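Both backbone and side-chain heavy atoms feed into the values below; hydrogens, waters and symmetry mates do not. In this text, all values refer to a predicted model and were calculated from it rather than measured experimentally. Residue numbers start at 1 and run along the sequence shown.
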Amino acid sequence: PALAQQPFEPDSNYNMLRRTSKMVTSSQVAMHLDNQEMIFYYFPDDCEFLGIDDRTPEGHQPQVNIKIIKRPDS
């Protein structure tokens, strides 16, 4: 949720969530290293999420968990 905040002017390049005539944020990735997880946020109105291409070798247990979160368009 903190990635979707816009603390600067709406057209500012410093905002992590961009909604201007020239820039649109379609997805964001955050890492929570203490929990060994990667969080993928996507905005369904701005992109088409096709899923995960899991290339983990047979019998190997992943070290990092992946969370997928569909965000309402902001």
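- A distance of 9.5 Å separates CE of M31 from CD of Q36, quoted to the nearest 0.5 Å.
- Nearest heavy atoms, R71 versus P44: O-CD, 3.0 Å.
- Nearest heavy-atom pair across I39 and E37 is CD1-OE2, 3.9 Å.
- Using a cut-off of 4.0 Å between Lys/Arg side-chain N and Asp/Glu carboxylate O, R19 and D46 are scored as salt-bridged.
- Under the 4.5 Å side-chain heavy-atom criterion for grouping Ile, Leu, Val, Met, Phe, Trp and Tyr, V64 is connected to I68 within one hydrophobic cluster.
- When all heavy atoms are compared, the tightest approach of S26 to C47 is O-SG, 3.4 Å.
- Under the 4.5 Å side-chain heavy-atom criterion for grouping Ile, Leu, Val, Met, Phe, Trp and Tyr, V24 is not connected to V29 through any hydrophobic cluster.
- Taking CZ of R18 as the reference point, atom OG1 of T25 lies at 6.5 Å (rounded to 0.5 Å).
- Atom OG of residue S27 and atom OH of residue Y41 lie 12.5 Å apart, to the nearest 0.5 angstrom.
- Atoms CD1 and CD, from I69 and Q28 in turn, are 10.5 Å apart once rounded to the nearest 0.5 Å.
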Item to complete: With side-chain contact (heavy atoms from CB on, under 4.5 Å) as the test, would you mind laying out the steps for F40 and K67 before giving the verdict?
Response: CA-CA 6 Å; F40 176 75; K67 282 187 179 179; over 6 Å; no
